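Have a look at the structure below, then the notes.
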Amino acid sequence: LVAGFSNAVYKVEAGADVFVAKIFSKSARARCPASERGAWDYVAGEAGVGPRVLAHSAEGLLSDFVAGKSLESKDLRANDWALAVDEVAPRLAELHQLPCKGPAVLWRRVDALLEHVPERNALGAAGDLRAEVMRWRRIVDDHVGPPDVAGHGDCKASNILQTANGVVFV
């Protein structure tokens with residue numbers, strides 16, 4: 001399908017039925033534990049803010065195809081941000097009201113990425129990087145508190161579809 005997806009995404013036609021097959025990229029597999037891949041898609045689909053997921057595994061997922069226009073940044077800025085304010089923001093608020101389980105996704109993803117940092121790298125020792133991440137984690141948790149809203153994880157214009165029934169997140 002259109003550019004902008006970090007995963008391999010295919011439109012699959014089986015007779016009159018149309019689906020989307022998403023194969024998780026190497027970077028998606030690195031930043032997200034196998035048990036959590038596709039979890040956001042499933043929750044968003046059940047809540048109606050994303051396509052309904054029909055099947056998923058650690059390698060990818062199959063969802064309903066949603067016909068619509070994949071947005072660009074200019075679409076959100078047009079007409080004094082009308083689309084962003086009138087359609088995207090309310091749908092994003094719906095997403096943020098969904099239940100969030102377990103530790104904050106931000107820190108799980110950072111921890112997953114840190115597992116792939118070589119002990120010696122261009123930035124120095126991996127231990128120094130881990131210590132800096134922990135310092136920032138304490139600052140955020142102490143001053144802001146742990147994030148407790150559901151989020152997209154990659155909410156950019158190309159991951160928003162404008163449909164006849166409003167916007168959905170993919």
Side-chain angles (χ1 to χ4, degrees), residues 1-110 112-113 140 144-170:
L1 293 172
V2 298
F5 293 100
S6 64
N7 300 302
V9 182
Y10 304 94
K11 182 178 179 181
V12 179
E13 296 179 6
D17 297 322
V18 185
F19 307 101
V20 170
K22 180 191 297 186
I23 310 301
F24 299 127
S25 67
K26 183 178 179 180
S27 66
R29 292 190 308 270
R31 73 178 176 261
C32 190
S35 63
E36 296 176 14
R37 289 181 212 139
W40 177 88
D41 301 85
Y42 180 79
V43 170
E46 289 295 305
V49 296
R52 183 176 55 115
V53 173
L54 305 168
H56 79 279
S57 73
E59 300 304 316
L61 61 81
L62 184 71
S63 67
D64 286 332
F65 174 79
V66 175
K69 176 189 175 198
S70 185
L71 297 180
E72 299 177 37
S73 296
K74 66 180 182 178
D75 298 319
L76 297 175
R77 292 190 303 267
N79 301 317
D80 201 26
W81 297 87
L83 179 64
V85 172
D86 297 338
E87 293 191 45
V88 175
R91 294 296 277 180
L92 193 56
E94 287 180 52
L95 172 64
H96 288 321
Q97 295 301 313
L98 298 176
C100 190
K101 301 174 185 170
V105 170
L106 167 66
W107 301 124
R108 289 196 311 264
R109 288 189 173 177
V110 169
L113 289 171
V140 169
V144 178
D148 58 358
V149 298
H152 182 281
D154 191 17
C155 192
K156 58 187 176 193
S158 62
N159 285 339
I160 304 169
L161 292 179
Q162 186 177 24
T163 75
N165 298 319
V167 299
V168 295
F169 301 104
V170 295

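Computed from a predicted model, the values in this text were never measured in an experiment.
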Find the distance between [atom1] ([X]) and [atom2] ([Y]) and round it off to the nearest 0.5 Å.
X: Gln97; Y: Leu92; atom1: CD; atom2: CG; answer: 10.5 Å
X: Asp41; Y: Leu62; atom1: CG; atom2: CG; answer: 11.5 Å
X: Arg37; Y: Arg29; atom1: CZ; atom2: CZ; answer: 7.0 Å
X: Asp75; Y: Ile160; atom1: CG; atom2: CD1; answer: 9.5 Å
X: Phe19; Y: Lys11; atom1: CZ; atom2: NZ; answer: 12.5 Å

Please find the pair of heavy atoms, one from [X] and one from [Y], that lie closest to each other, and give the distance.
X: Gly50; Y: Val168; value: CA-CB, 4.3 Å
X: Val9; Y: Val20; value: CG1-CG1, 3.4 Å
X: Val12; Y: Ala21; value: CG2-CB, 3.9 Å
X: Phe169; Y: Pro51; value: O-CD, 3.4 Å
X: Ala157; Y: Ser73; value: CB-N, 3.5 Å

### Query
Below 4.5 Å, heavy atoms only, C-beta onward: do Val170 and Val66 meet side chain to side chain?
no
### Message
Are the side chains of Leu83 and Gln162 in contact, using a 4.5 Å heavy-atom criterion?
### Response
yes
#### Entry: Worked check of side chain to side chain contact (heavy atoms under 4.5 Å, CB included) between Leu98 and Trp40
CA-CA 10 Å; Leu98 298 176; Trp40 177 88; over 6 Å; no
### Query
Should we say atom OH of Tyr42 is surrounded by more than 12 heavy atoms from elsewhere, each under 6.0 Å from it?
no
### Task
Verify, without hydrogens or angle tests, whether Ser70 (side chain) and Ser158 (backbone) share a donor-acceptor contact under 3.5 angstrom.
yes
